[in-house]
Amino acid sequence: MNNPVKLLLVFAGLFGLIGSVMGAHMAGSGSYALRPIHAHVLVVGWLSLFSWSIFYKVFEVKYNALSKFHVWSAIIGTTGLVLGMFLTNVVSFNLPEAVTLIVYIGGGVTLLLSFTAFFVQTILYQPKK
């Protein structure tokens, strides 16, 4: 997909839905075991991806290699981080600890790279005259 606005918006919506379902489940069950994952799904998944979608809509930024790296590392990093948190802290699926740790840490590192790419993007941004 060559439209970062739509791509980020769709994934923000997906993470918003997942976070809302998790919140409803916790409220209904009375168990708050998913609280840290729920928080990350909504803050990193919904809020960050949504705000980046708005950034690409409001500011005229070329969809170049840096933008593509930022968008895809944001999506992959968010997915890896919250999935890794879930696998490490809630359900193991009998996966080796090394696998869940790689998903968790790999997702977090990828997300850090995404935030770094966004920071660089903001520095390089030049308003059109």
(message) Would you call the rings of W46 and F50 parallel, tilted or perpendicular, taking 30° and 60° as the class edges?
(response) parallel
(request) Would you check, one step at a time, whether the test side chain to side chain contact (heavy atoms under 4.5 Å, CB included) holds for F93 with T100? (result) CA-CA 10 Å; F93 293 117; T100 60; over 6 Å; no
(message) I need the minimum non-hydrogen distance between L111 and V44, along with the two atoms involved.
(response) CD2-CG1, 3.1 Å
(message) Testing the basics here: between S73 and L113, what is the closest heavy-atom pair and its distance to 0.1 Å?
(response) OG-C, 4.4 Å
Shared hydrophobic cluster, [X] / [Y] (ILVMFWY, side-chain heavy atoms < 4.5 Å):
| X | Y | value |
| --- | --- | --- |
| V5 | I54 | yes |
| Y125 | V120 | no |
| W72 | L83 | yes |
| V58 | V71 | yes |
| Y104 | V90 | yes |

(message) Strictly distance-based, threshold 3.5 Å: is any side-chain N or O of S31 a donor or acceptor partner for the main-chain N or O of M26?
(response) no
Within this structure, what is the [atom1]-[atom2] distance for the pair [X] and [Y], rounded to the nearest 0.5 Å?
| X | Y | atom1 | atom2 | result |
| --- | --- | --- | --- | --- |
| F59 | T122 | CZ | OG1 | 9.5 Å |
| Y32 | H25 | OH | NE2 | 11.0 Å |
| F15 | H40 | CZ | NE2 | 12.5 Å |
| L9 | W52 | CG | CH2 | 14.5 Å |
| L95 | L101 | CG | CG | 12.5 Å |
| L34 | M85 | CG | CE | 10.5 Å |

(message) Is the shortest side-chain heavy-atom distance between P36 and N89 below 4.5 Å?
(response) no
(message) Could you tell me if the side chain of S67 sits less than 4.5 Å from the side chain of Q121, heavy atoms only?
(response) yes
(request) Quick one: list whatever passes ring-ring contact (aromatic ring centres under 6.0 Å, His included) with F86, sequence neighbours left out. (result) none
(message) Checking F115 against S48 for the side chain to side chain contact (heavy atoms under 4.5 Å, CB included) test, could you report, in this order, the C-alpha distance in whole Å, the side-chain angles of both residues, the deciding distance, and whether it holds?
(response) CA-CA 9 Å; F115 272 95; S48 293; 3.7 Å; yes
(message) Less than 6.0 angstrom separating the ring centers of Y56 and H70, yes or no?
(response) yes
Run the side-chain donor-acceptor check on residues 74-81: report pairs under 3.5 Å with partners two or more places apart or on a different chain.
residue: T78; atom: OG1; partner: A74; partner atom: O; Å: 2.7
residue: T79; atom: OG1; partner: I75; partner atom: O; Å: 2.8

